[in-house]
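Data block below; observations after.
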Amino acid sequence: MSTYLLVHGAWHSGQAWERVVPLLTSAGHRVLAPSLTGYGDKAHLLGPDVGLDTHVEDIVGLITEEDLSDVVLVGHSYAGLVITSVANRVPDRIAHLVYLDAMVPEHGETAVDAQPITLVLIDEAAKSDTPWRIPPLPEMPPPAGLFGVTDPADVAWLRAMLSDQPVRCLRQPVQLDNPAADAVRRTHIHCTVGKPEGITRRPVPPVQPDGTPAQVWELPTGHDCMITMPAELSDLLLKLG
(Lines give C-alpha, C1' and ligand atoms only; values in the text may rest on other atoms or scores of the structure.)
Protein backbone atom coordinates (compact mmCIF):
# COMPACT_ATOMS: atom_id res chain seq x y z
CA MET A 1 0.00 0.00 0.00
CA SER A 2 1.23 3.47 -0.89
CA THR A 3 0.20 6.79 0.61
CA TYR A 4 -0.87 9.48 -1.83
CA LEU A 5 -1.13 13.06 -0.62
CA LEU A 6 -2.86 15.23 -3.23
CA VAL A 7 -2.40 19.00 -2.97
CA HIS A 8 -4.70 21.25 -4.96
CA GLY A 9 -3.65 24.42 -6.73
CA ALA A 10 -4.61 28.08 -6.39
CA TRP A 11 -8.29 28.94 -6.03
CA HIS A 12 -9.30 25.26 -5.72
CA SER A 13 -9.93 22.97 -2.75
CA GLY A 14 -9.41 19.34 -1.83
CA GLN A 15 -12.76 18.65 -3.45
CA ALA A 16 -11.05 18.95 -6.84
CA TRP A 17 -9.67 15.43 -6.34
CA GLU A 18 -13.11 13.90 -5.72
CA ARG A 19 -12.98 11.76 -8.87
CA VAL A 20 -9.41 10.58 -8.35
CA VAL A 21 -9.50 9.58 -4.67
CA PRO A 22 -11.83 6.56 -5.07
CA LEU A 23 -9.81 5.25 -8.00
CA LEU A 24 -6.62 5.22 -5.91
CA THR A 25 -8.29 3.87 -2.77
CA SER A 26 -9.98 1.06 -4.72
CA ALA A 27 -6.51 -0.03 -5.78
CA GLY A 28 -5.66 -0.48 -2.10
CA HIS A 29 -3.85 2.75 -1.33
CA ARG A 30 -4.27 5.39 1.34
CA VAL A 31 -5.22 8.78 -0.09
CA LEU A 32 -5.43 12.19 1.54
CA ALA A 33 -6.69 15.27 -0.30
CA PRO A 34 -6.85 18.14 2.21
CA SER A 35 -7.96 21.68 1.54
CA LEU A 36 -5.26 24.25 2.16
CA THR A 37 -5.93 27.17 4.49
CA GLY A 38 -8.41 29.55 2.85
CA TYR A 39 -10.17 26.95 0.68
CA GLY A 40 -12.98 24.44 0.98
CA ASP A 41 -13.75 23.63 4.59
CA LYS A 42 -11.07 26.15 5.58
CA ALA A 43 -12.39 29.01 3.42
CA HIS A 44 -13.31 30.99 6.53
CA LEU A 45 -9.58 31.26 7.32
CA LEU A 46 -8.82 33.21 4.13
CA GLY A 47 -6.98 36.43 4.93
CA PRO A 48 -4.06 38.64 3.90
CA ASP A 49 -1.65 36.78 6.17
CA VAL A 50 -2.19 33.44 4.42
CA GLY A 51 0.91 32.69 2.38
CA LEU A 52 3.00 29.95 0.89
CA ASP A 53 4.44 29.28 4.34
CA THR A 54 0.90 28.71 5.65
CA HIS A 55 0.21 26.10 3.01
CA VAL A 56 3.56 24.39 3.51
CA GLU A 57 2.79 24.18 7.22
CA ASP A 58 -0.64 22.72 6.40
CA ILE A 59 0.97 19.79 4.58
CA VAL A 60 3.98 19.31 6.87
CA GLY A 61 1.59 19.35 9.84
CA LEU A 62 -0.65 16.73 8.24
CA ILE A 63 2.31 14.48 7.44
CA THR A 64 3.65 14.64 10.98
CA GLU A 65 0.26 14.37 12.71
CA GLU A 66 -0.69 11.33 10.64
CA ASP A 67 2.87 9.96 10.89
CA LEU A 68 2.99 9.49 7.13
CA SER A 69 6.03 8.03 5.39
CA ASP A 70 6.97 7.02 1.84
CA VAL A 71 4.48 9.60 0.61
CA VAL A 72 3.73 10.13 -3.08
CA LEU A 73 3.23 13.89 -2.87
CA VAL A 74 1.28 15.32 -5.78
CA GLY A 75 1.09 19.09 -6.36
CA HIS A 76 -1.16 20.67 -8.96
CA SER A 77 -0.32 24.06 -10.48
CA TYR A 78 0.63 26.54 -7.69
CA ALA A 79 1.06 23.57 -5.34
CA GLY A 80 4.30 22.75 -7.13
CA LEU A 81 5.75 25.42 -4.84
CA VAL A 82 4.09 23.81 -1.84
CA ILE A 83 5.30 20.26 -2.43
CA THR A 84 8.84 21.41 -3.26
CA SER A 85 8.94 23.28 0.05
CA VAL A 86 7.47 20.35 1.95
CA ALA A 87 10.16 18.04 0.59
CA ASN A 88 12.75 20.55 1.77
CA ARG A 89 11.27 20.34 5.28
CA VAL A 90 10.66 16.59 5.59
CA PRO A 91 12.56 14.80 2.80
CA ASP A 92 12.74 11.57 4.80
CA ARG A 93 8.93 11.32 4.64
CA ILE A 94 8.61 11.76 0.87
CA ALA A 95 9.09 8.94 -1.63
CA HIS A 96 8.11 10.79 -4.78
CA LEU A 97 7.22 14.32 -5.89
CA VAL A 98 4.70 14.59 -8.72
CA TYR A 99 4.42 17.96 -10.47
CA LEU A 100 0.97 17.93 -12.05
CA ASP A 101 0.92 20.71 -14.64
CA ALA A 102 2.71 22.56 -11.88
CA MET A 103 5.15 25.34 -11.14
CA VAL A 104 8.65 23.99 -10.48
CA PRO A 105 10.63 26.57 -8.50
CA GLU A 106 14.30 27.01 -7.76
CA HIS A 107 15.67 28.24 -4.44
CA GLY A 108 14.52 31.77 -3.62
CA GLU A 109 11.92 31.93 -6.38
CA THR A 110 8.29 32.97 -6.04
CA ALA A 111 5.24 32.05 -8.10
CA VAL A 112 5.92 35.19 -10.13
CA ASP A 113 9.34 33.83 -11.06
CA ALA A 114 7.96 30.41 -11.95
CA GLN A 115 4.96 31.75 -13.85
CA PRO A 116 5.49 35.44 -14.79
CA ILE A 117 1.89 36.08 -15.83
CA THR A 118 1.06 35.82 -12.13
CA LEU A 119 2.34 39.38 -11.78
CA VAL A 120 -0.48 40.60 -14.02
CA LEU A 121 -3.02 39.13 -11.60
CA ILE A 122 -1.28 40.72 -8.63
CA ASP A 123 -1.23 44.11 -10.34
CA GLU A 124 -4.95 43.85 -11.15
CA ALA A 125 -5.73 42.99 -7.55
CA ALA A 126 -3.73 46.01 -6.39
CA LYS A 127 -6.27 48.26 -8.13
CA SER A 128 -9.18 46.83 -6.12
CA ASP A 129 -10.53 47.51 -2.64
CA THR A 130 -9.00 44.22 -1.48
CA PRO A 131 -5.50 44.21 -3.00
CA TRP A 132 -4.44 41.17 -0.97
CA ARG A 133 -6.75 38.75 -2.78
CA ILE A 134 -7.06 37.59 -6.38
CA PRO A 135 -10.40 36.28 -7.67
CA PRO A 136 -10.51 33.08 -9.74
CA LEU A 137 -9.68 33.34 -13.41
CA PRO A 138 -12.71 33.82 -15.67
CA GLU A 139 -14.08 31.13 -17.94
CA MET A 140 -12.78 31.38 -21.50
CA PRO A 141 -14.02 29.87 -24.76
CA PRO A 142 -13.07 26.21 -25.36
CA PRO A 143 -10.64 24.62 -25.23
CA ALA A 144 -9.33 26.82 -22.40
CA GLY A 145 -12.64 26.87 -20.55
CA LEU A 146 -12.42 27.26 -16.76
CA PHE A 147 -8.99 25.92 -15.85
CA GLY A 148 -9.30 23.61 -18.85
CA VAL A 149 -12.77 22.37 -17.89
CA THR A 150 -15.36 22.86 -20.64
CA ASP A 151 -18.30 20.55 -19.85
CA PRO A 152 -21.10 22.89 -18.59
CA ALA A 153 -22.00 20.70 -15.60
CA ASP A 154 -18.35 20.34 -14.60
CA VAL A 155 -17.79 24.09 -15.02
CA ALA A 156 -20.70 24.83 -12.68
CA TRP A 157 -19.41 22.32 -10.12
CA LEU A 158 -15.89 23.74 -10.32
CA ARG A 159 -17.00 27.36 -10.10
CA ALA A 160 -18.87 26.65 -6.86
CA MET A 161 -15.65 25.26 -5.39
CA LEU A 162 -13.34 28.18 -6.13
CA SER A 163 -12.13 30.78 -3.61
CA ASP A 164 -9.92 33.85 -3.92
CA GLN A 165 -6.14 33.40 -3.80
CA PRO A 166 -4.08 35.48 -1.35
CA VAL A 167 -1.35 37.53 -3.00
CA ARG A 168 1.05 36.57 -0.22
CA CYS A 169 1.07 32.99 -1.55
CA LEU A 170 2.44 34.22 -4.84
CA ARG A 171 4.96 36.64 -3.35
CA GLN A 172 6.71 34.44 -0.80
CA PRO A 173 9.94 32.81 -2.00
CA VAL A 174 10.60 29.10 -1.79
CA GLN A 175 13.42 28.12 0.55
CA LEU A 176 15.34 25.10 -0.72
CA ASP A 177 18.32 24.70 1.55
CA ASN A 178 18.19 21.01 2.45
CA PRO A 179 20.45 18.89 0.21
CA ALA A 180 18.61 15.74 1.35
CA ALA A 181 15.58 16.87 -0.67
CA ASP A 182 17.54 16.34 -3.88
CA ALA A 183 17.34 12.59 -3.34
CA VAL A 184 13.54 12.56 -3.66
CA ARG A 185 12.41 11.20 -7.02
CA ARG A 186 10.41 13.50 -9.30
CA THR A 187 7.87 12.99 -12.05
CA HIS A 188 6.28 15.69 -14.20
CA ILE A 189 2.82 15.37 -15.75
CA HIS A 190 1.88 17.99 -18.34
CA CYS A 191 -1.60 18.79 -19.61
CA THR A 192 -1.38 19.66 -23.28
CA VAL A 193 -4.79 21.09 -24.25
CA GLY A 194 -6.22 24.58 -23.89
CA LYS A 195 -3.27 26.44 -22.39
CA PRO A 196 -4.35 30.13 -22.09
CA GLU A 197 -2.29 32.82 -23.76
CA GLY A 198 0.53 34.03 -21.54
CA ILE A 199 0.91 30.79 -19.59
CA THR A 200 4.43 29.43 -19.93
CA ARG A 201 6.06 26.16 -18.95
CA ARG A 202 9.73 25.82 -18.21
CA PRO A 203 11.52 22.96 -19.92
CA VAL A 204 12.09 20.06 -17.57
CA PRO A 205 15.84 19.57 -17.07
CA PRO A 206 16.92 16.28 -18.67
CA VAL A 207 18.57 15.25 -15.41
CA GLN A 208 16.64 15.58 -12.16
CA PRO A 209 18.15 16.65 -8.80
CA ASP A 210 18.64 12.99 -7.78
CA GLY A 211 20.73 12.39 -10.89
CA THR A 212 18.13 10.30 -12.74
CA PRO A 213 16.76 11.07 -16.22
CA ALA A 214 13.68 13.25 -16.26
CA GLN A 215 10.34 11.44 -16.31
CA VAL A 216 7.73 13.51 -18.13
CA TRP A 217 4.26 12.25 -19.01
CA GLU A 218 1.50 14.05 -20.90
CA LEU A 219 -2.27 14.02 -20.70
CA PRO A 220 -4.23 15.33 -23.73
CA THR A 221 -6.59 17.45 -21.68
CA GLY A 222 -6.91 20.80 -19.92
CA HIS A 223 -5.23 22.06 -16.75
CA ASP A 224 -7.69 20.53 -14.27
CA CYS A 225 -7.05 16.98 -15.44
CA MET A 226 -8.24 15.53 -12.14
CA ILE A 227 -11.71 16.65 -13.25
CA THR A 228 -11.52 15.98 -16.97
CA MET A 229 -9.39 12.81 -17.05
CA PRO A 230 -9.50 11.27 -13.55
CA ALA A 231 -9.11 7.68 -14.73
CA GLU A 232 -6.13 8.43 -16.95
CA LEU A 233 -4.49 10.53 -14.23
CA SER A 234 -5.06 7.81 -11.65
CA ASP A 235 -3.49 5.22 -13.95
CA LEU A 236 -0.35 7.34 -14.17
CA LEU A 237 -0.21 7.92 -10.41
CA LEU A 238 -0.63 4.20 -9.73
CA LYS A 239 2.55 3.56 -11.69
CA LEU A 240 4.42 5.54 -9.02
CA GLY A 241 2.96 3.84 -5.96
Side-chain angles (χ1 to χ4, degrees), residues 1-42 45 50-105 161 169 174-176 178 180-189 191 208-210 215 217 219 223-227 229-241:
M1 182 183 74
S2 295
T3 298
Y4 290 87
L5 180 45
L6 312 177
V7 187
H8 65 82
W11 299 290
H12 291 59
S13 77
Q15 186 183 5
W17 303 101
E18 190 173 277
R19 299 173 182 177
V20 172
V21 171
L23 299 175
L24 298 178
T25 55
S26 66
H29 303 293
R30 185 180 184 187
V31 186
L32 299 91
S35 291
L36 299 172
T37 297
Y39 309 96
D41 59 348
K42 300 174 184 173
L45 300 175
V50 173
L52 174 61
D53 57 347
T54 311
H55 294 157
V56 173
E57 196 58 46
D58 287 340
I59 302 303
V60 171
L62 179 61
I63 289 172
T64 55
E65 289 165 13
E66 296 289 333
D67 195 23
L68 304 179
S69 59
D70 294 323
V71 175
V72 179
L73 185 58
V74 183
H76 180 238
S77 196
Y78 152 78
L81 278 69
V82 178
I83 66 169
T84 305
S85 301
V86 169
N88 188 70
R89 290 273 301 276
V90 288
D92 55 312
R93 303 267 187 162
I94 312 301
H96 210 122
L97 291 176
V98 182
Y99 292 89
L100 181 57
D101 221 32
M103 300 180 188
V104 185
M161 179 198 313
C169 296
V174 170
Q175 299 301 316
L176 306 179
N178 186 349
D182 289 344
V184 179
R185 291 183 298 158
R186 296 185 177 198
T187 291
H188 303 260
I189 302 176
C191 300
Q208 292 299 280
D210 67 346
Q215 181 164 254
W217 295 332
L219 286 172
H223 185 56
D224 278 5
C225 57
M226 72 287 292
I227 297 174
M229 277 193 168
E232 293 85 349
L233 172 59
S234 297
D235 286 344
L236 291 181
L237 295 178
L238 288 170
K239 294 179 181 180
L240 306 176

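Because only heavy atoms are used, hydrogens play no part in the values below, and waters and symmetry mates are left out as well, while side chains stay in.
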Where Ala10 and Tyr78 come nearest, the two heavy atoms and their spacing: N-CB, 3.7 Å

Flag side-chain contact, heavy atom, 4.5 Å: Leu45 against Val50: no

Heavy-atom check, side chain of Asp210 versus side chain of Val184, under 4.5 Å: no

Side-chain (Asp41) to main-chain (Ser35) donor-acceptor, under 3.5 angstrom: no

Test side chain to side chain contact (heavy atoms under 4.5 Å, CB included) applied to Thr3 and Val72, Leu32, Ile63, the passing residue: Leu32

Test item: His29 side-chain N/O and Ser2 main-chain N/O as donor-acceptor pair under 3.5 Å: yes

Trace of the side chain to side chain contact (heavy atoms under 4.5 Å, CB included) decision for Leu236 with Val98: CA-CA 10 Å; Leu236 291 181; Val98 182; over 6 Å; no

Main-chain N/O of Gly51 paired with Thr54 side-chain donor or acceptor, under 3.5 Å: yes

Main-chain N/O of Leu36 paired to His8 side chain as donor or acceptor, under 3.5 Å: yes

Nearest non-hydrogen partners of Leu233 and Cys225, listed with the distance: CD2-SG, 4.0 Å

Residue pair Ser77 / His223: nearest heavy atoms and the distance that separates them: OG-NE2, 3.0 Å

Heavy-atom side-chain contact between Arg89 and Glu57 under 4.5 Å: yes

Arg30 side chain near Glu66 side chain, heavy-atom distance below 4.5 Å: yes

For Arg93, salt bridge (Lys or Arg N to Asp or Glu O under 4.0 Å) partners two or more places apart: Asp67

Minimum-distance pair of heavy atoms, taken over all atoms of Ala33 and Trp17: CB-CD1, 3.9 Å

Tyr39 and His55 aromatic ring geometry - parallel, tilted or perpendicular at 30°/60° bounds: tilted

Minimal non-hydrogen separation, Ala79 against Gly75, with atom names: CB-CA, 3.8 Å

Set of salt bridge (Lys or Arg N to Asp or Glu O under 4.0 Å) partners for Asp224, sequence neighbours left out: none

Trp217 side chain reached by Glu232 side chain, heavy atoms, under 4.5 Å: no

Intermediate values then yes/no, side chain to side chain contact (heavy atoms under 4.5 Å, CB included), Leu100 and Met226: CA-CA 10 Å; Leu100 181 57; Met226 72 287 292; 4.1 Å; yes

With Ile94, the side chain to side chain contact (heavy atoms under 4.5 Å, CB included) member among Leu68, Ile83, Val71: Val71

Side-chain (Asp70) to main-chain (Ala95) donor-acceptor, under 3.5 angstrom: no

Expected output: side-chain Arg19 to main-chain Ile227 donor-acceptor under 3.5 Å: yes

Gap between atom CE of Met229 and atom CD1 of Ile189 - 0.5 Å precision: 12.5 Å

Side-chain touch Val20/Tyr4, heavy atoms, less than 4.5 angstrom: no

Side-chain donor/acceptor of His76 to backbone N/O of Leu6, under 3.5 Å: no

Shortest non-hydrogen contact between Asn88 and Ala181, atoms and distance: CA-CB, 4.0 Å

Ile59 vs Pro34 side-chain heavy atoms within contact, under 4.5 Å: yes

4.5 Å side-chain heavy-atom contact, Arg186 and Val104: yes

Full working for side chain to side chain contact (heavy atoms under 4.5 Å, CB included) between Leu238 and Leu24: CA-CA 7 Å; Leu238 288 170; Leu24 298 178; 3.7 Å; yes

Derivation of the side chain to side chain contact (heavy atoms under 4.5 Å, CB included) call for Val56 and Gln175: CA-CA 11 Å; Val56 173; Gln175 299 301 316; over 6 Å; no

